Amino acid sequence: MTDEASRAGPWTATVLTLFPEMLPGMLGHSLAGKALAEGRWALEAVDIRAFARDRHGTVDDSPYGGGAGMVMRPDVVSDAIAAHHDPAGGRRLIYPSPRGRVFTQAMARDWADRPGVTLVCGRYEGLDQRVIDAWVEKAAMEEVSLGDFVLSGGEPAAVVMLDAAVRLLPGVMGTADSLNEESFERGLLEYPLYTRPPVWDGRGVPEVLISGHHGRVAAWRRAQAEAITKARRPDLWARYEKEQT
Ligand code: ADE
């Protein structure tokens with residue numbers, strides 16, 4: 001690491017939330033948790049309520065035009081973002097939301113390659129549109145979705161997205177997962193895996209995997225990954241085929 005990089009400190013996830021106690025959650029366990037304890041990455045959970053303007057800690061209000069639920073106030077949320085996100089700092093500013101672009105491995109890789117990421121978690125019905133518009137202009141804030149379903153808030157989405165990014169950081173996974181990674185980054189689904197015992201419940205292991213022939217194993221795995229992708233995900237298959245030509 002260069003002097004400059006070491007002075008900058010570890011890769012940092014800043015999560016703005018009304019429920020800071022939800023973090024690190026799952027990220028405090030297993031390999032991500034070990035890496036967090038070792039200082040290979042850092043997590044800053046910021047309580048949005050600390051930016052409330054009144055003694056009651058009001059962060060939301062009823063929607064103009066009527067309707068169910070509450071909307072998070074733009075002034076409170078914007079102050080929280082401004083206090084913790086430097087638009088010139090090189091990090092992405094993300095609003096997890098079902099209206100966003102669907103999260104991909106490429107986004108996880110992009111975030112991991114930067115100094116960190118800032119995630120703004122909405123609760124209730126979501127954020128006032130003006131705070132979204134303002135931060136899209138100020139810091140290219142992006143709405144990112146996990147998929148076509150509605151979660152109760154941005155926190156579980158933030159934890160899932162961070163898991164995907166953190167495992168790509170140097171020294172978090174070691175080399176154990178690198179093959180798996182390559183498979184998806186090539187745009188294919190993973191081939192089937194087997195371990196001991198050699199026969200379980202009357203089921204054997206594909207002969208080629210016991211052959212000790214690395215070339216044949218690699219060819220078999222590639223063929224399997226292609227067949228599974230073709231059968232299950234025509235969208236990924238079409239893109240893959242296009243990239244091969
Ligand atoms: N917040 C609520 N639902 C979500 C989703 N599907 N993806 C990301 N953030 C969300």
Side-chain angles (χ1 to χ4, degrees), residues 11-29 32 41 43-52 59-81 84-85 91-114 116-169 184 189 232-233 235-236:
W11 191 93
T12 300
T14 300
V15 181
L16 280 64
T17 168
L18 291 173
F19 298 95
E21 64 279 8
M22 288 186 180
L23 281 301
M26 295 194 308
L27 298 173
H29 299 270
W41 67 288
L43 178 71
E44 190 190 12
V46 176
D47 188 356
I48 294 174
R49 202 174 298 279
F51 294 85
V59 294
D60 60 347
D61 211 325
S62 46
Y64 281 118
M70 301 290 269
V71 179
M72 288 172 72
R73 288 176 55 113
D75 48 357
V76 175
V77 173
S78 189
D79 283 358
I81 299 173
H84 290 278
H85 185 80
R91 305 186 196 191
R92 300 280 188 210
L93 175 61
I94 304 298
Y95 171 38
S97 148
R99 296 196 318 192
R101 201 150 64 91
V102 176
F103 187 63
T104 61
Q105 185 66 28
M107 288 189 213
R109 171 67 66 192
D110 170 66
W111 299 0
D113 288 343
R114 292 167 178 275
V117 64
T118 304
L119 295 132
V120 184
C121 298
R123 279 271 148 182
Y124 317 121
E125 296 308 304
L127 304 185
D128 183 301
Q129 185 62 40
R130 293 168 294 177
V131 73
I132 302 172
D133 295 343
W135 283 95
V136 166
E137 285 166 23
K138 270 197 268 246
M141 181 159 87
E142 260 194 284
E143 290 188 55
V144 178
S145 173
L146 277 190
D148 292 340
F149 46 82
V150 181
L151 299 168
S152 54
E155 291 83 0
V159 167
V160 168
M161 294 176 194
L162 285 176
D163 182 279
V166 164
R167 62 186 283 286
L168 300 178
L169 300 174
F184 209 92
L189 300 179
R232 298 186 184 180
R233 290 291 302 274
D235 57 325
L236 289 182

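When a ligand or atom number is given, it counts from 1 through the structure's own listing order. Computed from a predicted model, the values in this text were never measured in an experiment.
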Peer 1: For W11 and W111, indicate whether the former's side chain and the latter's backbone hold a donor-acceptor pair under 3.5 Å.
Peer 2: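 The answer is yes, because a donor-acceptor pair under 3.5 Å joins these two groups.
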Peer 1: Evaluate V144 against M161 for side chain to side chain contact (heavy atoms under 4.5 Å, CB included), listing each step before the verdict.
Peer 2: CA-CA 9 Å; V144 178; M161 294 176 194; 3.8 Å; yes
Peer 1: With V15, which of L162, V159, V117 fulfils side-chain contact (heavy atoms from CB on, under 4.5 Å)?
Peer 2: L162
Peer 1: Between ligand 1 and the protein, which N/O pairs fall short of 3.5 Å?
Peer 2:
| from | atom 1 | to | atom 2 | distance (Å) |
| --- | --- | --- | --- | --- |
| ligand 1 | 3 (N) | L151 | N | 3.0 |
| ligand 1 | 6 (N) | G147 | O | 3.3 |
| ligand 1 | 6 (N) | F149 | O | 2.7 |
| ligand 1 | 7 (N) | L146 | N | 2.9 |
| ligand 1 | 9 (N) | S97 | N | 3.1 |

Peer 1: Could I get the full list of ring pair (Phe, Tyr, Trp, His ring centres under 6.0 Å) partners for W41, not counting sequence neighbours?
Peer 2: none
Peer 1: From the options D128, I132, L127, select the one residue that forms a side-chain contact (heavy atoms from CB on, under 4.5 Å) with V77.
Peer 2: L127
Peer 1: Would R123 and M70 satisfy side chain to side chain contact (heavy atoms under 4.5 Å, CB included), going step by step from the backbone distance to the final call?
Peer 2: CA-CA 9 Å; R123 279 271 148 182; M70 301 290 269; over 6 Å; no
